[in-house]
Each structure stands twice: as C-alpha cells, then as structure tokens.
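Scroll down for the structure; my scribbles are underneath it.
We count residues from 1, following the sequence as given.
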Amino acid sequence: MNDPLQVSRVALARLRAQGFAMPVTGIDAAAARAGRIVVSASVGGNEAQTLGWLPGFEPVAQTESASRATPLTVHVLAACLGACWQDRAVHPWPGRVAGEDEIVAALDAARGMNSDAAALGRIRSALTTLRESLWLDPESRAIRLGPRVAAWSDSQVDVIREVYRRLPRDPRRIEDDQ
C-alpha cells in the first residue's frame with residue numbers, strides 16, 4: 001500500500017473507528033474531503049489526534065450516541081465539564097484536572113442531596129462510560145476532558161458556553177471561580 005491517498009484513507013478510517021490515534025501524517029486532506037478536521041489532543045499525557053468538524057459540517061445536536069446516554073451519564077458529563085472548564089473565553093479542552101469528589105459534590109448540590117453508596121457506584125459507572133466513549137481521558141483516573149471534547153468546533157463550544165452557568169458545579173469551587 002504505497003499509494004499516499006490510500007494510506008491516508010486507511011488512516012482516516014482507523015481514526016474514525018478508534019476515536020483517537022497517535023499522530024498520523026497525511027490525513028488532513030482526506031479528513032477535509034469528509035467535512036472533518038484533524039485535532040491534536042492528548043490521551044494519558046501522550047499526543048494524539050482525533051476528528052473534529054469543519055465549520056458548517058457539525059452534526060445536529062441530537063445524535064444517535066447522545067440519545068443512548070442515560071440521564072445520569074449526561075449529568076455526570078455536565079459536572080465534569082463544569083469542574084474542568086474554568087475559563088469560558090477559551091475552548092474547554094484541555095481544561096483543568098478535577099477529582100472525583102468534585103464531581104460528586106457538584107451532582108449532590110444540583111440534586112440537593114448527598115450520594116449514598118449506591119449512587120456513588122452509579123456515578124463511577126457513568127465515569128467509566130464517559131472514559132470508554134472518550135468524553136473523558138480513558139488513560140486517566142483523575143477527571144480530564146477527553147478527545148471528543150477536544151474535537152468540539154467553535155460553534156459547538158458557543159452552544160455549550162450558553163448553558164455553562166447551568167452546569168453542575170462543586171459549591172466549594174464556585175466562590176473560587178467568581
């Protein structure tokens with residue numbers, strides 16, 4: 001397989017299938033033809049690439065993967081975003097590293113209750129799902145935003161920015177953020 005076009009098509013297909021890959025040269029043109037852009041990210045502290053969308057090619061808000069997420073998983077992602085995205089003026093990725101306790105505190109504050117052992121288990125399960133689906137860094141035990149967040153376009157970030165103030169936040173950190 002010495003044809004550069006064929007190599008870039010295979011690399012692009014691999015990147016789509018895996019969600020992220022170590023840096024691959026020569027796939028920018030193939031991605032652009034598909035309405036995509038190659039975005040640099042990191043996974044476990046190592047440089048990686050993922051696919052984002054060119055402006056005007058972003059999918060509609062309600063995608064198939066979003067419709068399969070449980071409400072708790074969506075809330076946990078929102079809490080992770082609220083904990084990690086400190087400066088709304090910039091893209092949320094890579095954001096700051098957060099602890100699981102911050103996520104639990106944010107969810108507890110949003111629900112007006114304290115999580116029991118069963119709720120903690122469900123939250124940890126949702127965190128695992130978010131890592132496996134690359135919303136969070138799959139190589140990190142801490143809460144780090146993942147390659148899928150790195151791939152958000154500016155217009156997608158603008159939409160999230162509109163609801164940022166409603167994201168679940170750790171009440172211990174809200175005073176620090178003001």
Side-chain angles (χ1 to χ4, degrees), residues 18-20 36-37 39-45 48 50-53 55 57-178:
Q18 293 175 336
F20 73 93
R36 306 295 295 265
I37 186 170
V39 179
S40 293
S42 70
V43 174
T50 190
L51 288 173
W53 296 96
F57 287 87
E58 297 93 344
V60 294
Q62 183 65 25
T63 64
E64 183 180 322
S65 63
S67 66
R68 288 189 302 223
T70 67
L72 177 62
T73 302
V74 172
H75 289 141
V76 172
L77 175 60
C80 293
L81 190 59
C84 296
W85 189 15
Q86 295 299 293
D87 184 357
R88 283 183 284 177
V90 300
H91 195 283
W93 190 88
R96 67 178 276 280
V97 177
E100 185 180 294
D101 62 320
E102 292 178 63
I103 306 311
V104 173
L107 293 168
D108 285 349
R111 295 181 311 192
M113 58 193 311
N114 289 326
S115 293
D116 58 15
L120 287 173
R122 289 189 299 273
I123 291 168
R124 288 185 180 120
S125 178
L127 288 169
T128 297
T129 298
L130 292 169
R131 286 184 179 101
E132 290 171 351
S133 59
L134 306 177
W135 288 108
L136 298 178
D137 185 333
E139 303 295 323
S140 177
R141 293 306 308 151
I143 307 302
R144 294 179 193 266
L145 299 176
R148 290 183 79 170
V149 175
W152 282 344
S153 69
D154 290 339
S155 62
Q156 290 170 312
V157 172
D158 287 343
V159 171
I160 304 271
R161 198 174 273 127
E162 292 295 318
V163 297
Y164 178 88
R165 65 179 178 73
R166 294 184 289 174
L167 293 175
R169 307 285 294 281
D170 180 348
R172 300 170 298 188
R173 292 199 47 83
I174 290 176
E175 295 160 3
D176 298 340
D177 296 342
Q178 311 262 333

Quiz prompt | Inter-residue atom distance L145.CG - W152.CH2, 0.5 Å rounding | solution = 7.5 Å
Self-check item: Name of the residue among E100, R122, R141 meeting side chain to side chain contact (heavy atoms under 4.5 Å, CB included) with L127
Solution: E100
Exercise. Please name the pair of heavy atoms, one in D170 and one in A105, separated by the smallest distance, quoted to 0.1 Å.
Key: OD1-CB, 3.5 Å
Quiz item: Does E162 use its side chain to pair, donor to acceptor, with the backbone of V159 at less than 3.5 Å?
Solution: no
Exercise. List the atom of V39, the atom of A151, and the distance in Å for their closest heavy-atom pair.
Key: CG2-CA, 4.2 Å
Quiz item: Looking at side-chain heavy atoms only, is the closest gap between L136 and C80 below 4.5 Å?
Solution: yes
Exercise. Report the C-alpha separation of R169 and Y164 in whole Å, then their side-chain angles, then the decisive distance to 0.1 Å, and conclude whether the side chain to side chain contact (heavy atoms under 4.5 Å, CB included) test is met.
Key: CA-CA 10 Å; R169 307 285 294 281; Y164 178 88; 3.3 Å; yes
Exercise. Before accepting this row, confirm whether a basic side-chain N of the pair E139/R144 lies closer than 4.0 Å to the acidic partner's carboxylate O.
Key: no
Exercise. With rounding to the nearest 0.5 Å, note down the distance linking CG in L107 to CD1 in I123.
Key: 5.0 Å
Quiz prompt | Least distance between heavy atoms, A150 atom then S40 atom | solution = CB-O, 4.5 Å
Practice problem: Looking only at non-hydrogen atoms, find the nearest pair between G146 and W93 and report the distance. | Solution: O-CD1, 3.5 Å
Exercise. Take H91 and Q156 through the side chain to side chain contact (heavy atoms under 4.5 Å, CB included) test and state the conclusion after the steps.
Key: CA-CA 10 Å; H91 195 283; Q156 290 170 312; over 6 Å; no
Practice problem: Name all residues meeting the side chain to side chain contact (heavy atoms under 4.5 Å, CB included) criterion together with L77; count only those two or more places apart in sequence or in a different chain, and write none if there are none. | Solution: L130, W135
Quiz prompt | Considering all heavy atoms, the nearest S115-R111 contact | solution = OG-NH2, 2.7 Å
Exercise. Show your reasoning for whether side chain to side chain contact (heavy atoms under 4.5 Å, CB included) applies to R131 and I143.
Key: CA-CA 9 Å; R131 286 184 179 101; I143 307 302; 3.6 Å; yes
Exercise. Mind checking salt bridge (Lys or Arg N to Asp or Glu O under 4.0 Å) for E132 and listing every partner two or more places apart, or none if nothing turns up?
Key: none
Quiz item: Can you tell me how far CG of L167 sits from NE2 of H75, rounded to the nearest 0.5 angstrom?
Solution: 10.5 Å
Quiz item: Distance-only, no hydrogens or angles: does the W85 side chain make a donor-acceptor pair with backbone N or O of V90 under 3.5 Å?
Solution: yes
